[in-house]
Amino acid sequence: FTNKMGTGTFVNKVCVTTNEIKDPVCSSWSLTRDYICKVRGILVNKTGMWTDCDCYVNYFINITNQGTQDATGVKITDRYPFGAIFNMAENPGWDDNHDGTLTYDYSQQQGNIPAGIKGYPVRLRLFISKGLGFGPFNNTVWVDTNQYPRAYGYFNISRSNSPTSPCIDS
């Protein structure tokens with residue numbers, strides 16, 4: 001149920017008939033919701049844009065602490081698109097886990113995120129070779145903290161043009 005549905009009693013009824021049984025067999029259930037949950041915890045927003053002749057993607061990860069406690073132990077894990085190339089020198093603070101994921105220890109690099117505050121954006125730059133085509137290139141990120149459940153963010157990007165030089169596949 002979404003918050004747009006508001007409060008009240010919601011009834012669902014399902015009826016089934018078959019070729020052999022013409023009279024419907026029905027079942028129903030109801031649910032009463034008398035309050036609306038407010039989102040608490042970590043919100044992750046990920047964006048991206050092509051740069052350098054459509055060879056590189058600069059991803060930007062924004063974390064907002066919507067909770068009532070400071071977020072400590074904030075760690076970002078990014079599952080980067082298959083075939084993308086990570087360069088540690090271009091991505092300070094990021095570690096390659098050698099399993100298709102990268103890790104950024106936000107608390108160590110930038111500090112904790114106070115309650116009700118949007119943290120500093122984190123940039124991740126990846127090379128996506130011309131040979132991988134137009135995409136889409138799927139990217140998932142998740143954030144873990146000591147106080148809140150894991151939060152996820154997703155971002156898919158496609159090329160609208162074929163990469164040009166100096167984009168060279170290696």
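Just so we're clear, the structure is a prediction, and the values are computed from it rather than from any experiment.
Looking at Q109 and Y120, their side chains never bring a donor and an acceptor atom within 3.5 Å of each other.
When side chains are defined from C-beta on, I128 counts as touching V57, because their heavy atoms get closer than 4.5 Å. Contact check for F127 versus E90: no side-chain heavy atoms found under the 4.5 Å cut-off. With a 4.5 Å cut-off on side-chain heavy atoms, L126 and F86 count as touching. In this structure the side chain of D78 never reaches within 4.5 angstrom of the side chain of Y104, judged on heavy atoms. Counting heavy atoms from C-beta on, the side chains of V141 and F155 never come closer than 4.5 Å. For the pair T101 and W142, the minimum side-chain heavy-atom distance is below 4.5 Å.
Judged purely by atom type and a 3.5 angstrom limit, Y148 uses its side chain to pair as donor or acceptor with the backbone of Q69. Counting only distance, with no hydrogens or angles, the side chain of N91 and the backbone of R125 share a donor-acceptor pair below 3.5 Å. N65 places a side-chain N or O within donor-acceptor distance of the main-chain N or O of I113, the cut-off being under 3.5 Å. No side-chain donor-acceptor contact under 3.5 Å links N97 to the backbone of D99. Checking side-chain atoms of S107 against main-chain N and O of V74 turns up a donor-acceptor pair under 3.5 Å. In terms of modelled atom types and a separation under 3.5 Å, the side chain of W94 and the main chain of R123 share a donor-acceptor contact. D105 contributes no side-chain N or O that, together with a main-chain N or O of K75, makes up a donor-acceptor pair within less than 3.5 Å.
The CG atom of D70 sits 11.5 Å away from the CG atom of N146 when rounded to the nearest 0.5 Å. Rounded to the nearest 0.5 Å, atoms CD1 (I63) and CD1 (I117) are 14.0 Å apart. Residue Y56 holds its OH atom at 8.5 Å from OG1 of T51, rounded to the nearest 0.5 Å. With rounding to the nearest 0.5 angstrom, the CH2 atom of W50 is 5.0 Å from the CZ atom of F137.
The nearest pair of heavy atoms linking G73 to N112 is N-OD1, 3.7 Å. Smallest separation of non-hydrogen atoms from S158 and G135: OG-C, 4.1 Å. Considering all non-hydrogen atoms of both residues, L132 and A84 come closest at CD1-N, 4.2 Å.
With sequence neighbours left out, the salt bridge (charged side-chain N to carboxylate O under 4.0 Å, His left out) criterion links K118 to no other residue. In this structure, the salt bridge (charged side-chain N to carboxylate O under 4.0 Å, His left out) partners of R150, at least two apart in sequence or on a different chain, are D144.
Residue I42 is not grouped with residue F60 when hydrophobic side chains (ILVMFWY) are merged at heavy-atom distances under 4.5 angstrom, including chains of intermediate members. Placement of L124 and Y152 in two distinct hydrophobic clusters is found when ILVMFWY residues are connected by side-chain heavy-atom separations under 4.5 Å, directly or transitively.
Clustering of Ile, Leu, Val, Met, Phe, Trp and Tyr by side-chain heavy atoms under 4.5 Å joins L43 with none of the others.
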